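Written out below as structure tokens is the structure these notes cover.
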Protein chains: 2
Amino acid sequence: MTRPVRPTMRDVAARAGVSQALVSLVFRNAPGASPATRERVFRTAEEIGYRPNLAAQVLRRHRSRHIGVLFTMRQPFDVDLVEAIYPGAQQRGYHVVLGALGPGRDERHAVEELLAYRCEAMILLGPATTAAELAVAAERVPIVAIGWRSSGEGVDVVRAADERGARLAVEHLAGLGHRDILHVDGGDRTGSQHRRRGYERAMRRNGLGDFVRVLGGDHTEESGAAAVRRLMGEKVLPTAIFTSNDRCAHGVLDTLIRTGSAVPGDVAVVGFDDSGVAQLSFIDLTTVRQDVAGMAEAALDAIVERLEQGRTGTRRIVLDPSLVIRSTTAAPKPSR
Amino acid sequence: MTRPVRPTMRDVAARAGVSQALVSLVFRNAPGASPATRERVFRTAEEIGYRPNLAAQVLRRHRSRHIGVLFTMRQPFDVDLVEAIYPGAQQRGYHVVLGALGPGRDERHAVEELLAYRCEAMILLGPATTAAELAVAAERVPIVAIGWRSSGEGVDVVRAADERGARLAVEHLAGLGHRDILHVDGGDRTGSQHRRRGYERAMRRNGLGDFVRVLGGDHTEESGAAAVRRLMGEKVLPTAIFTSNDRCAHGVLDTLIRTGSAVPGDVAVVGFDDSGVAQLSFIDLTTVRQDVAGMAEAALDAIVERLEQGRTGTRRIVLDPSLVIRSTTAAPKPSR
DNA sequence: GTGAAAGCGCTAACAA
DNA sequence: TTGTTAGCGCTTTCAC
């Protein structure tokens with residue numbers, strides 16, 4: 001069991017015939033080394049396969065330049081966000097450390113782990129943690145919650161204007177002539193409460209207060225499927241269904257089609273997020289698009305402001321969603 | 001911009017009135033401290049909010065106890081594996097460091113990053129990297145590739161018996177009376193070639209050599225949808241379609257249903273993986289199940305063997321897949 | 001049962 | 001332009 005001892009800066013220095021400090025200089029791209037030396041150091045390092053020891057760097061620099069990102073692998077929207085965060089972080093000179101949430105890995109645990117890695121800041125996607133718990137973590141490092149509303153101090157929030165998004169959906173449907181528009185909500189999931197409220201208000205504002213109807217759900221396909229199955233017991237289906245996210249819409253859509261309802265002929269469907277599933281050619285879901293790239297940028301900017309510009313006040317950034325009209329919506333059948 | 005200076009072991013030691021070395025002892029659960037001292041150290045640490053500095057630990061111990069896991073967030077099967085790896089790694093006393101692959105984040109880059117974090121070993125899920133490239137990385141740390149075939153030395157491989165899996169699918173369909181069984185393959189994706197070969201062989205072995213037909217695809221929903229659309233131009237559809245993975249099967253399934261074909265009435269569909277999508281109630285896909293838990297365990301064991309038991313020879317572990325019969329398969333219509 | 005001391009690989013201030 | 005030096009926070013002998 002030979003431990004593969006990796007070359008250190010000292011080894012590079014010895015081989016290149018310079019001091020170890022100079023090697024450090026060169027690797028940090030700091031000024032103060034002649035081009036010739038620079039070249040030689042790099043070549044020597046290459047030759048012996050040297051790679052900087054991040055642990056030593058972090059220890060010495062008192063900075064890790066790591067940003068922790070907590071997310072749920074199963075949520076396509078979270079994945080979209082993570083993919084947008086990666087390049088943005090790199091641009092700003094930070095590394096991303098992923099913390100996956102899931103069965104058996106709760107938020108507390110994951111936050112602790114990211115803290116142990118010496119993350120300088122954390123981005124939380126759709127966190128379920130209470131404000132109080134977050135505040136504790138926020139004392140240690142800047143925290144940005146995406147898609148989450150906090151009244152807690154110290155936690156920056158980036159989110160979509162969920163209510164406006166829901167209004168876009170309702171007005172689109174109402175504009176097509178729909179009146180019996182049902183909402184499958186997202187329970188206590190990210191943004192759900194405000195999407196539901198936005199739905200209710202928009203319905204009333206459009207004179208459809210009598211048609212307001214909400215079925216309980218969450219942000220999974222199964223909850224959408226279950227909602228439609230519950231509906232099947234009734235004589236008439238609503239002419240349109242607006243769901244709290246795309247995964248739920250997927251369940252609604254597929255279950256409708258499999259039970260013989262045409263979409264959008266019999267029932268129109270609108271989702272929320274515009275995650276990958278909505279964009280599949282055979283799903284082609286009309287949905288409320290959240291500005292993923294904008295959210296990622298805003299979150300990173302919020303972190304940089306705190307880390308490098310000394311901001312201390314809490315920020316709340318709200319981004320406007322937009323409606324993406326695809327093929328799951330059309331005017332209701334004239335017969336109704 | 002006050003840098004929040006975190007308490008160190010020295011601080012704990014000073015406050016508890018012991019030496020710093022003793023605090024270290026206590027935190028490592030090493031023998032040699034009285035219960036009273038132990039208690040006091042822990043209490044003091046708690047009081048001042050001390051948390052061990054992982055960077056310092058890694059630097060000093062020459063061990064990070066980190067295992068890097070490279071995966072594709074968009075592949076449900078990869079996500080299943082990651083979720084199985086987490087608890088297994090923890091049991092064995094290791095931390096998991098995630099490296100996400102995706103657009104703009106290639107394997108080389110991700111491997112380099114995990115290496116920089118001082119990962120002691122790496123698990124690669126369905127890697128696209130060539131053997132040669134992997135061998136370079138394998139010189140530094142033990143590498144286990146899941147679902148990948150390597151002839152390269154030094155890289156352990158854990159995979160499903162893809163050919164057998166394909167045979168299970170074909171024999172199930174043939175047993176139901178299907179003859180015209182088409183395969184949508186996975187191009188160069190993980191396991192595809194062997195699934196295709198398994199399909200071809202099983203067809204011939206069952207006297208269906210004349211019906212062998214492969215449509216090119218990959219492991220995405222769109223490739224399944226595209227395959228069905230290509231098929232629509234023809235007078236008759238096959239009575240059964242076997243795809244190289246579940247996502248592709250999803251595209252096949254949904255496109256069939258949307259274009260008016262009944263499943264399994266008109267066309268039977270079989271996927272591969274048994275990932276989350278296959279288990280959705282409204283998809284309920286008959287599929288070839290890969291033993292995710294078994295693969296995760298095998299990969300972790302392979303790593304521990306190398307790291308702690310000094311194994312050096314290359315291992316190849318092949319796990320048997322099994323057939324999960326759900327509702328997308330049935331006997332073909334008698335008319336045909 | 002406890003403490004002193006050396007040093008992991010690197011950075012950064014200072015000296016030459 | 002280059003070298004010297006003092007640690008970062010921790011682990012780990014080796015004394016006491």
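Chain letters run A, B, ... following the sequence lines, proteins first, then strands; residues in each count from 1. The model shown is predicted, which means the values in this text are computed figures rather than measured ones.
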(request) Mark yes when over 12 heavy atoms from residues, nucleotides or ligands other than B:Glu47 sit less than 6.0 Å from its CD; otherwise mark no. (result) yes
(request) Answer yes or no: are there more than 12 heavy-atom neighbours, outside A:Glu112 itself, under 6.0 Å from its atom CD? (result) yes
(message) Does the protein touch nucleotides 4-10 of chain C at the base, only the backbone, or not at all? Give it as B, S and - per nucleotide, heavy atoms under 4.0 Å.
(response) B-BBBBB
(message) I'd like to know whether A:Tyr117 forms a ring-ring contact (aromatic ring centres under 6.0 Å, His included) with A:His95, so could you lay out the CA-CA distance, the side-chain angles of the two residues, the decisive distance to 0.1 Å, and finally the verdict.
(response) CA-CA 12 Å; A:Tyr117 284 126; A:His95 296 272; over 10 Å; no
Determine yes or no for a side-chain-to-main-chain donor-acceptor pair under 3.5 angstrom, with [X] supplying the side chain and [Y] the backbone.
X	Y	value
A:Arg311	A:Ala302	yes
A:Asp78	A:Phe71	no
A:Glu120	A:Ser64	yes
B:Arg306	B:Thr312	yes

Distance (rounded to the nearest 0.5 Å) between [X] [atom1] and [Y] [atom2]:
X	Y	atom1	atom2	result
B:Gln75	B:Thr190	CD	OG1	7.5 Å
B:Arg28	B:Arg61	CZ	CZ	7.0 Å
A:Leu22	A:Arg40	CG	CZ	9.0 Å

(message) Please classify the nucleic acid contact of A:Val58 as base, sugar-phosphate, or nothing, using heavy-atom distances under 4.0 Å.
(response) nothing
(message) Output the pairing pattern of DNA chain C as a dot-bracket string, 5' first, Watson-Crick or G-U wobble with both distances under 3.5 Å, | for cross-strand pairs, [ ] for crossing pairs.
(response) ||||||||||||||||
(message) Between P on C:dA13 and CG on A:Leu25, what's the gap in Å once rounded to a whole number?
(response) 12 Å
(message) Rounded to whole Å, please give me the gap between CZ in B:Arg38 and C1' in C:dT2.
(response) 12 Å
(request) Shoot me the first and last contacting nucleotide of DNA chain D against chain A, ordered 5' to 3', at under 4.0 angstrom to non-hydrogen atoms. (result) D:dT1 to D:dG9
